[in-house]
Protein chains: 2
Amino acid sequence: MDEAGQGDRPDGDGALFRAARIQDVARLADVSTATVSRALATPERVSPEARARVLEAIAKTGYVPNPAARTLRSQKTYMVLVVLPDLSNTFFSKILRGIEETLFEAGYGMIISDLDGSPAKEAHFAAFTAAGRVDGAILLNGHLFGQSRDGEGQPARITIPLVALCEAIPGADIPQIEIDNRAAASRMTQHLAGLGHSSIAYVSGPAINVLERERFQGFKEGLQAAGLPYDPALVIPGDYTIEAGVAAGERLVAQATRPTAVFCTSDEMAIGLMRTVLSAGLRVPEDISVAGFDDIDFAAVAEPSLTTIRQPRRELGQAAATALIDLLQGRTTPKRIRLETELVVRDSVAPLPR
Amino acid sequence: MDEAGQGDRPDGDGALFRAARIQDVARLADVSTATVSRALATPERVSPEARARVLEAIAKTGYVPNPAARTLRSQKTYMVLVVLPDLSNTFFSKILRGIEETLFEAGYGMIISDLDGSPAKEAHFAAFTAAGRVDGAILLNGHLFGQSRDGEGQPARITIPLVALCEAIPGADIPQIEIDNRAAASRMTQHLAGLGHSSIAYVSGPAINVLERERFQGFKEGLQAAGLPYDPALVIPGDYTIEAGVAAGERLVAQATRPTAVFCTSDEMAIGLMRTVLSAGLRVPEDISVAGFDDIDFAAVAEPSLTTIRQPRRELGQAAATALIDLLQGRTTPKRIRLETELVVRDSVAPLPR
DNA sequence: ATGAAAGCGCTAACAC
DNA sequence: GTGTTAGCGCTTTCAT
């Protein structure tokens with residue numbers, strides 16, 4: 001085999017440079033490789049003198065452990081997979097930040113998989129996971145690997161710890177971190193009703209979505225609590241995107257009789273809808289009140305500014321990462337964590353004029 | 001050592017399950033492990049019969065190669081690091097998507113590092129890179145590892161292929177993928193001037209930013225081309241965020257004499273600024289025209305809709321990923337790739353009333 | 001507290 | 001075209 005030239009480590013910035021290995025450190029510190037390894041992993045089991053020499057040798061050589069070798073031997077990757085349906089959605093990216101910072105502090109790296117609605121990608125990442133490239137995964141997409149949302153298909157044999165974030169996964173026995181979507185939707189509905197609105201439209205998410213089911217349930221509960229009837233004609237289908245909001249707005253504008261308030265289940269849809277409604281010559285909130293969900297950054301600077309439900313996105317990410325790390329390190333974690341939301345009152349919703 | 005129990009692979013979904021190794025496949029296909037390896041990496045060098053048997057054995061065992069072992073031996077990770085300053089910025093997340101899809105198609109995974117302005121993180125990821133966890137990196141943050149933006153500090157000894165995206169890295173001998181910021185800014189400035197505006201404010205990015213320097217240069221060139229004088233008093237400092245736009249708006253509103261047009265170097269700032277200006281009772285574009293830069297999704301549904309410069313974000317990401325893959329696979333790639341931008345005319349800019 | 005040595009699962013020389 | 005075999009660099013028994 002190719003026996004690497006030994007002793008070559010010109011400190012001048014010249015030519016050949018070979019990254020330091022554990023062996024180099026061991027030699028320099030005059031200990032065995034085992035001691036170097038221990039000095040790093042379990043410092044308390046190494047004498048202070050040896051430890052000091054090892055540390056010095058590491059500094060001198062610039063030694064960084066080879067993660068592939070470490071992983072191969074220890075069967076741990078210190079990597080976490082985050083599966084999400086759409087990376088370019090601002091809602092997810094803030095959550096991601098919470099995840100990343102928590103993982104980072106615990107020494108874990110993050111691999112992101114943007115599913116983008118592609119089953120091929122899903123299969124790929126399932127294999128990826130099965131191949132042991134990650135120690136655990138955080139799922140933001142509402143279903144397990146290889147299992148479509150309707151529960152068809154058999155889930156791949158994934159044996160690593162998993163955590164579900166935002167979209168609870170029905171039937172899966174893994175920790176779920178989420179907000180109380182039902183309560184939040186009910187609250188917003190009652191807020192609108194409390195301002196005198198009795199004809200409240202609802203712009204939905206995708207029907208198969210767990211969030212949607214929860215929020216829709218909350219909407220109906222809110223109506224009921226306010227003593228208002230539920231009218232299926234006031235439900236407009238959507239999918240959380242700006243475009244869906246625009247489309248919903250067009251539909252509203254075309255109607256002869258219009259609701260006096262619209263509850264959009266995402267801020268993107270609310271902003272898109274406001275835009276369309278405004279362009280058609282209607283005023284918000286004077287002619288029609290519009291409410292959103294999420295409180296993304298643009299909600300506060302929309303025109304008019306958007307009344308919405310604030311989700312603690314960063315905290316959601318942090319909580320999920322913390323739960324997963326607990327699992328990875330053999331600790332236990334609650335099966336379900338629910339974070340509080342907040343009703344943010346701004347200018348897009350007004351009392352019904354008498 | 002612990003000799004793993006062999007032959008245990010109950011196909012019933014019962015208890016102990018050991019992931020298949022190359023050895024298992026080899027035994028089942030009645031070939032050597034080398035042939036299995038070759039059947040996967042270089043199928044043309046294996047007889048069709050052997051290949052068929054291997055493939056069948058792989059299907060039967062559900063074998064997935066162990067990436068740590070593969071990496072350790074071949075010194076390739078099939079992973080790419082993407083370094084960016086702020087993950088929760090919609091501008092970057094769209095770019096990320098372009099990167100990810102291109103990497104994915106080429107069989108590479110993506111590890112994201114959100115620097116978040118933290119030098120500690122930067123050091124961490126430099127070590128990460130040095131440790132050989134990734135084959136290459138795409139830098140969106142405008143500087144090399146361990147090197148602050150002013151060029152101080154010595155860059156870490158990173159020897160893997162790198163590509164700079166969006167923010168060119170001065171002095172670095174690596175492929176740069178970007179737009180022509182100067183030309184785009186000049187074009188927008190001339191567009192405003194062409195509509196009769198002679199008092200045009202400029203809301204900047206961070207002064208140290210390469211993009212900012214280019215755009216500022218373009219702004220001045222545009223003024224000159226239009227025969228307008230450059231007035232430093234019309235430059236308002238910003239940092240591309242919504243908040244900076246709000247602050248700039250407040251500053252404008254407080255002024256006795258106001259410019260008739262404002263060129264914001266990001267859409268976020270333009271939207272924040274419009275919001276503030278509108279709240280103060282001014283009209284956009286009647287009293288003041290506002291232009292942005294980037295064409296993020298919200299630009300089209302802002303109220304009024306935003307005149308801006310469109311950056312081909314997905315294509316930028318794709319181009320960077322393609323360039324890096326070329327490098328990784330030993331091909332050459334141009335030192336500089338410039339993608340076209342587009343002036344998007346909407347409602348936030350109007351001719352100066354006579 | 002420390003060292004010797006096995007081996008994680010794979011790929012790539014090399015020999016045939 | 002295929003098999004044999006040596007390691008990639010680390011962690012972890014086991015023995016001292």
Side-chain angles (χ1 to χ4, degrees), chain A residues 1-6 9 18-55 57-58 61-78 127 130-133 135, chain B residues 1-6 9 18-54 57-58 61-78 130-133 135:
Chain A
M1 236 44 0
D2 45 350
E3 185 56 24
Q6 52 217 1
R9 196 168 182 292
R18 205 203 63 217
R21 299 183 300 240
I22 198 169
Q23 185 64 257
D24 303 322
V25 177
R27 243 192 321 256
L28 200 64
D30 200 30
V31 295
S32 71
T33 60
T35 299
V36 176
S37 179
R38 282 190 285 252
L40 256 26
T42 52
E44 70 279 7
R45 287 199 222 160
V46 171
S47 72
E49 301 77 40
R51 201 188 318 159
R53 271 183 292 139
V54 167
L55 259 28
I58 287 176
T61 54
Y63 169 70
V64 180
N66 179 318
R70 185 192 290 237
T71 295
L72 182 57
R73 176 66 230 224
S74 68
Q75 308 288 17
K76 283 189 183 123
T77 64
Y78 284 97
R133 276 191 105 114
D135 293 343
Chain B
M1 233 60 344
D2 45 349
E3 187 56 24
Q6 52 217 2
R9 196 172 181 290
R18 203 203 65 217
R21 299 184 300 242
I22 198 168
Q23 186 64 257
D24 303 322
V25 176
R27 246 194 315 259
L28 200 64
D30 199 30
V31 295
S32 71
T33 60
T35 298
V36 176
S37 179
R38 280 189 287 253
L40 256 25
T42 52
E44 70 278 8
R45 286 200 223 160
V46 171
S47 72
E49 302 77 44
R51 201 189 317 157
R53 269 182 293 138
V54 168
I58 287 176
T61 54
Y63 169 70
V64 181
N66 179 317
R70 188 195 288 245
T71 295
L72 183 57
R73 176 68 230 218
S74 69
Q75 308 288 15
K76 286 193 181 116
T77 63
Y78 283 95
R133 277 190 104 116
D135 294 342

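Naming: A, B, ... by sequence-line order, numbering from 1 per chain.
Of the listed nucleotides (C/dT2, C/dC10, C/dG7), C/dT2 has the atom at the smallest distance from the side chain of A/Ala50. Taking the side chain of A/Arg70 as heavy atoms from C-beta on, and the options D/dC10, C/dC10, C/dC8, the nearest nucleotide is D/dC10. With distances taken from any side-chain atom of B/Ser47 to the nucleotides D/dC10, D/dG1, D/dC8, the minimum falls on D/dG1. Taking every side-chain heavy atom of B/Gln75 into account, D/dC8 is the closest of C/dT11, D/dC8, C/dC8.
Spacing between atom NZ of A/Lys76 and atom C1' of C/dC8 amounts to 14 Å, rounded to whole angstrom units. Residue B/Asn66 contributes atom CG, which lies 7 Å from atom P of C/dG9 at whole-angstrom precision. Between the OH atom of A/Tyr78 and the P atom of D/dT11 there is a distance of 10 Å, rounded to whole Å. Atom CD of A/Gln23 is separated from atom C1' of D/dC8 by 14 Å (rounded to the nearest Å). Across the protein-nucleic acid pair, B/Arg21 atom CZ and C/dT11 atom C1' stand 16 Å apart, rounded to whole Å. Remark: P of D/dG7 and CD1 of B/Ile22 are 19 Å apart, rounded to the nearest angstrom. Atom CZ of A/Arg73 is separated from atom P of C/dA5 by 16 Å (rounded to the nearest Å). Computed from coordinates, the B/Arg133 CZ to D/dC10 P distance equals 13 Å when rounded to whole Å.
For the residue pair A/Val54 and A/Val25, the shortest heavy atom distance occurs at O-CG1, 4.0 Å. Contact detail for A/Arg21 and A/Asp24: the closest heavy-atom pair is N-OD2, 2.7 Å. The minimum heavy-atom distance between A/Ala69 and B/Leu72, with the atom names listed, is CB-CD1, 3.7 Å.
The line from CG of A/Asp135 to CD of A/Gln75 is 10.0 Å long, rounded to the nearest 0.5 Å. In this structure, the separation between OG1 on B/Thr35 and CG on B/Asp30 is 10.5 Å, given to the nearest 0.5 Å. Here OG1 of B/Thr71 is found 6.0 Å from CZ of A/Arg133. Values are rounded to the nearest 0.5 Å. To the nearest 0.5 angstrom, A/Tyr63 atom OH is 6.5 Å from A/Leu40 atom CG. Once rounded to the nearest 0.5 Å, the distance linking OG1 of A/Thr61 with CD of A/Gln23 reads 12.0 Å. In this structure, CD1 in A/Ile58 is found 13.0 Å from CZ in A/Arg53, a value given to the nearest 0.5 Å.
Each of A/Ser74 and A/Ala68 was matched to the nucleotide of DNA chain D holding its nearest heavy atom; the match closer to the 5' end belongs to A/Ala68. Heavy-atom nearest nucleotides on DNA chain C were determined for A/Arg53 and for B/Tyr63, and the one closer to the 5' end corresponds to A/Arg53.
For the helix from C/dA1-D/dT16 to C/dC16-D/dG1, the rotation axes defined at the first and last 5 base pairs enclose an angle of 30°, given to the nearest 10°.
Judged by distance alone, the side chain of B/Arg51 and the main-chain N or O of B/Val46 form a donor-acceptor pair under 3.5 Å.
Sorted by residue number, the members of residues 32-41 of chain B with any non-hydrogen atom under 4.0 Å from DNA chain D read B/Ser32, B/Ala34, B/Thr35, B/Arg38.
Within 4.0 Å of B/Pro67, counting heavy atoms only, lies no atom of the nucleic acid at all.
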